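Let me begin by presenting the structure, written as structure tokens, before commenting on it.
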Amino acid sequence: MKRSPLHERHLALDARMVEFAGWRMPIQYAGIAAEHRAVREKAGVFDISHMGEFEVRGAGACDWLNSMLTNDCSVLEKGEGQYTILLNEKGGVIDDLIAYRVDEERFFLVVNAAKIQEDREWLRAHGAADAELLDRSDEFGALAVQGPESARLWNEIAPGHPLPPRNGIRVGEDGSILCRTGYTGEDGFELFAPSDAIGEWFDRLLAAGAAPCGLGARDTLRLEKCYPLNGSDLNPERTPLEAGLGFCVKLDKTGGFVGDEALRAQKAAGPASRLRAIVLTGKAPPLRQGYEVLDEEGETVLGTLASGTLSPSLGKGIGMAYLPASSTPPGTPLSVSIRGKIYPAEVVKKPFL
């Protein structure tokens, strides 16, 4: 099992450690609810050193990435990034990622931890002679600083080095990479630095007032905003159109991309299923992945929860599930089976918060 460059610091902070995507990572420090509130109200810092980092460079870098990813990287100016998706031939999701344009012939990709090897092998199997893919994942440690005070914290620990604009990227002379992105719905940034340097950044952020946060709060924060989790809400059997991610699928871009034919057919017919947001409407245990979602009467199974949790902000159970598209618009009453009992729920408009 891999360890973050910050592993010893997590232990010193009495973090509860768990296995995640082959890594030993902190799930919580003071508690999920407290860490969740810290991000919504002030600022928290997450260790995201398990994430993967690829570099693509060469004269054909942009055209090749456009043939592999759903979004259109040709519209990116130097220093800009975008959310995008890597698909299989059937239009199913291999990974969702962020692609940044560092300069005309150089791109930086941030991929999910559990998908590093699969992404690398899939991309190289469809490689282009005029584009080179480098897996730089082992070079970096990484931090995500999120919350309304995140910009203040950065200005305090790095005066004279302003944050890039939203979804922007800046490469530092020290080899660090600063991105104005995140996975919580709050303002923030992600910092990728050489593994032997990330610890100092972590210490400085804590000293400036950032609360250390674990994977538990990262999950509740992202789910309140209906951000999908790869491997749960996204998988190779589901398309981005079913997941409600059509905004980053550019079917009209020149040359097309792997999986686009399947998406064209699905778009023409209309997806049979949609990833719906579900909230419990009465007192009930928290929602969890795998619970059955049924009709209002509790007689017919419509789907299973892909994600579920107790929302610290709302005080209610929330989740997402793939349900029949035509019969489950927002406002549809449902029920959820939790340990053999049926509890009332409702489809709501995304996001929850």
Side-chain angles (χ1 to χ4, degrees), residues 18 20-21 27-28 31-33 35-37 39-40 92-93 96 112 114 182-186 213-246 271-353:
V18 298
F20 181 79
I27 192 169
Q28 65 181 50
I32 292 174
E35 293 162 29
H36 182 106
R37 288 193 299 271
V39 172
R40 288 279 183 250
V93 176
D96 63 327
N112 282 295
Y183 192 46
T184 66
E186 301 294 336
C213 299
L215 295 175
R218 188 168 163 87
D219 191 57
T220 58
L221 289 158
R222 69 90 190 170
L223 188 49
E224 286 185 346
K225 294 295 184 177
C226 289
Y227 293 162
L229 176 64
N230 193 283
S232 297
D233 309 300
L234 304 178
N235 63 67
E237 306 304 317
R238 296 291 186 177
T239 74
L241 301 184
E242 292 175 288
L245 301 176
S273 300
R274 294 279 191 182
L275 185 62
R276 299 298 197 193
I278 299 168
V279 63
L280 290 170
T281 55
K283 187 175 181 180
L287 292 180
R288 294 287 183 261
Q289 181 185 38
Y291 288 172
E292 288 185 337
V293 180
L294 304 94
D295 61 8
E296 185 177 12
E297 293 74 25
E299 297 176 352
T300 303
V301 177
L302 304 178
T304 58
L305 285 176
S307 286
T309 193
L310 174 65
S311 164
S313 299
L314 303 176
K316 299 178 180 180
I318 60 173
M320 294 195 292
Y322 285 95
L323 301 177
S326 60
S327 59
T328 58
T332 301
L334 299 169
S335 60
V336 180
S337 177
I338 304 176
R339 296 194 290 274
K341 294 185 177 181
I342 302 299
Y343 296 88
E346 181 183 14
V347 177
V348 296
K349 186 178 180 181
K350 297 178 183 177
F352 295 105
L353 186 68

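The shown structure was predicted, so the numbers you read here are calculated from the model rather than taken from an experiment.
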Gap between atom CZ of R288 and atom OG1 of T304 - 0.5 Å precision: 15.5 Å

Restricting to side chain to side chain contact (heavy atoms under 4.5 Å, CB included), what partner residues turn up for N230, sequence neighbours left out? V93, D95, D96, N112, K115, L234

Quick one: does K350's side chain get under 4.5 Å of L275's, heavy atoms only? yes

Is any side-chain heavy atom of R40 less than 4.5 Å from a side-chain heavy atom of L353? yes

Closest non-hydrogen atom pair between A217 and E35, with its separation: CB-CB, 3.8 Å

Find the distance between OG1 (T220) and CG (L314) and round it off to the nearest 0.5 Å. 11.0 Å

Looking only at heavy atoms, the pair that brings L294 and G298 closest together is CD2-O, 3.4 Å

Between S232 and Q289 the two heavy atoms that sit nearest each other are OG-NE2, 3.3 Å

Worked verdict on E346 versus T281 for side chain to side chain donor-acceptor pair (under 3.5 Å): CA-CA 7 Å; E346 181 183 14; T281 55; over 6 Å; no

Spatial distance of atom CG (L221) from atom OH (Y227) [nearest 0.5 Å]: 10.5 Å

Looking at I32 and Q28, what are the two nearest heavy atoms and their distance? CG1-OE1, 3.4 Å

State which residues pass side chain to side chain contact (heavy atoms under 4.5 Å, CB included) with P285; sequence neighbours excluded, sorted by chain then number. I338, R339, Y343

Applying side chain to side chain contact (heavy atoms under 4.5 Å, CB included) to A21 and not counting sequence neighbours gives A113, A114

Can you list, pair by pair, the side-chain donor-acceptor contacts under 3.5 Å of residues 318-333, counting residues two or more places apart and other chains?
from, atom 1, to, atom 2, distance (Å)
Y322, OH, D233, O, 2.6
T328, OG1, R276, NE, 3.2
T328, OG1, P324, O, 2.5
T332, OG1, P329, O, 2.6

Going by heavy atoms in the side chains, are C226 and F352 under 4.5 Å from each other? yes

Indicate yes or no for a side-chain donor-acceptor contact from E296 to the backbone of L334 under 3.5 Å, with no hydrogens or angles considered. no

Neighbour count >12 (heavy atoms, 6.0 Å) for atom NZ, K341: no

S311 to E224 - nearest heavy-atom pair and separation: OG-OE2, 2.6 Å

To the nearest 0.5 Å, atom CZ of R37 lies from atom OG of S313 at 9.5 Å

Of all residues at least two apart in sequence or in a different chain, which pass the side chain to side chain contact (heavy atoms under 4.5 Å, CB included) check with V18? I27

Value for OH (Y183) from CG (D219), rounded to nearest 0.5 Å, stands at 7.0 Å

Considering only heavy atoms from C-beta outward, does the side chain of C213 approach that of R218 to under 4.5 Å? no

Shortest non-hydrogen contact from S335 toward I342: CB-CG2, 3.4 Å

Residue pairs involving residues 297-320 (criterion salt bridge (charged side-chain N to carboxylate O under 4.0 Å, His left out); sequence neighbours excluded): none

Nearest 0.5 Å, please: how far is OG in S273 from CG in L241? 12.5 Å

